[in-house]
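No hydrogens, no waters, no symmetry mates; every other heavy atom, side chains included, goes into these values. Everything quoted here is computed from the prediction, not taken from an experiment. Sequence positions, counted from 1, serve as the residue numbers for this chain.
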Amino acid sequence: MATKTNPRNKNVLPGFGLTLGFTLAYLGIVVLIPISTIFFKTFTLTWPQFWAAVASPRTIAAYKLSFGASIAGALINSVFGFVVAWSLVRYEFPGKTLIDVMVDLPFALPTSVAGITLTAIYAGNGWIGRYLAPLGIKVAYAPLGVIVALTFVGLPFVVRTIQPVLEDLDQEYEEAAATLGASRLQTFVLVIAPALIPALLTGFALAFARALGEYGSVVFISGNMPMHTEVVPLLIMSKLEQFDYAGATAIAVVMLTASFVILLGINVLQRWSSRRLAA
């Protein structure tokens, strides 16, 4: 007598309930409890106190620099990260393995070491800064230095997100487009780009999220000047040093909420793009 299978059970191996329980418990301990603590600490403030902490001119300036530099760094990485991934996947050249390893260096390098190194290079008397200074371009101790640091730490996220998609992309479609008379630009726009959009959006989101919370590499190259080169993580740290824990968590709540909304929008756009390509 044949047994009926549950149509909802699409997995061959059992254990969904157990793994889901472990997943929820782990996320609750590692993610939800610390985040909820931030909100609970913020609730100790009255509304005027909360607004004074999150909407002061110094805080607004830090918001603008953090979000602006993070978006700029993620956009730069989206362009040049694609170029790096394309070169590593589509071409063979001497030193390819070395370059592939160098892409992951920001993962392994302590961010404080990266900040000191970037400051030494881009300072007025640094290897690169000495040539930029006569042109009126100031990198170290300026907002541009923050963008440079955030671009440095975010590059691997874009490259490693796009690279496997390019490796799995069947080149027969490109050859078919060329056979039908499509130019290289048309082939890229109509064949390659649509397949890369979801991965590119994911890489952008990861690079943006990584840059938004970056502290170690920025603390040295920015100069930490309030209203000018102070990012939000540095402002939060300064409030913690002043024992203003509620004010620090209030700013953290605003950053967390804004980051969640932005990342949620990017993920929704990514899902819509994936479904559109699948259809």
Which is it for Glu214 and Val231 under the side-chain contact (heavy atoms from CB on, under 4.5 Å) test, yes or no, and what are the steps along the way? CA-CA 9 Å; Glu214 177 59 25; Val231 294; over 6 Å; no
Please check: side-chain N/O of [X] versus main-chain N/O of [Y], any donor-acceptor pairing under 3.5 Å?
X	Y	result
Arg130	Gly124	no
Tyr63	Val54	yes
Thr59	Ala53	yes

Just wondering, do [Y] and [X] contact through their side chains at under 4.5 Å, heavy atoms?
X	Y	value
Leu144	Lys138	no
Ile35	Phe260	no
Tyr245	Leu240	yes
Val253	Phe39	yes
Thr44	Thr249	no
Thr151	Leu155	no
Trp86	Ile192	yes
Ile71	Phe208	yes

Inspect the surroundings of CE in Met102 and state if more than 12 heavy atoms from other residues, nucleotides or ligands are less than 6.0 Å away.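 Atom CE in Met102 is not crowded, with 12 or fewer foreign heavy atoms closer than 6.0 Å.
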Is atom CZ of Phe93 surrounded by more than 12 heavy atoms (other residues, nucleotides or ligands) closer than 6.0 Å?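 Yes, CZ of Phe93 has more than 12 neighbouring heavy atoms, counting only those of other groups under 6.0 Å.
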So, do Phe82 and Phe188 have ring centers that fall under 6.0 Å from each other?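 Phe82 vs Phe188: aromatic centres under 6.0 Å.
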Identify the heavy atoms of [X] and [Y] that sit nearest to each other, and give their distance.
X	Y	result
Leu65	Pro143	CD1-CB, 3.9 Å
Leu150	Ala211	CD2-O, 3.5 Å
Ser222	Leu234	OG-CD1, 3.7 Å
Pro198	Pro194	CD-O, 3.7 Å
Tyr141	Met225	O-CE, 3.4 Å

Identify whether Val218 and Leu235 are in the same connected component of the hydrophobic contact network (ILVMFWY, side-chain heavy atoms under 4.5 Å).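 Cluster IDs for Val218 and Leu235 differ.
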Test: salt bridge (charged side-chain N to carboxylate O under 4.0 Å, His left out). Region: residues 49-78. Which pairs qualify, not counting sequence neighbours? Arg58-Glu230
Listed once per pair and sorted, the salt bridge (charged side-chain N to carboxylate O under 4.0 Å, His left out) pairs that draw on residues 85-96, sequence neighbours left out: Arg90-Glu174, Glu92-Lys96
To the nearest 0.5 Å, what is the distance between CD1 on Ile262 and CZ on Phe204? 8.5 Å
Under a side-chain separation threshold of 4.5 Å, the hydrophobic residues clustered together with Leu206 are Phe107, Phe157
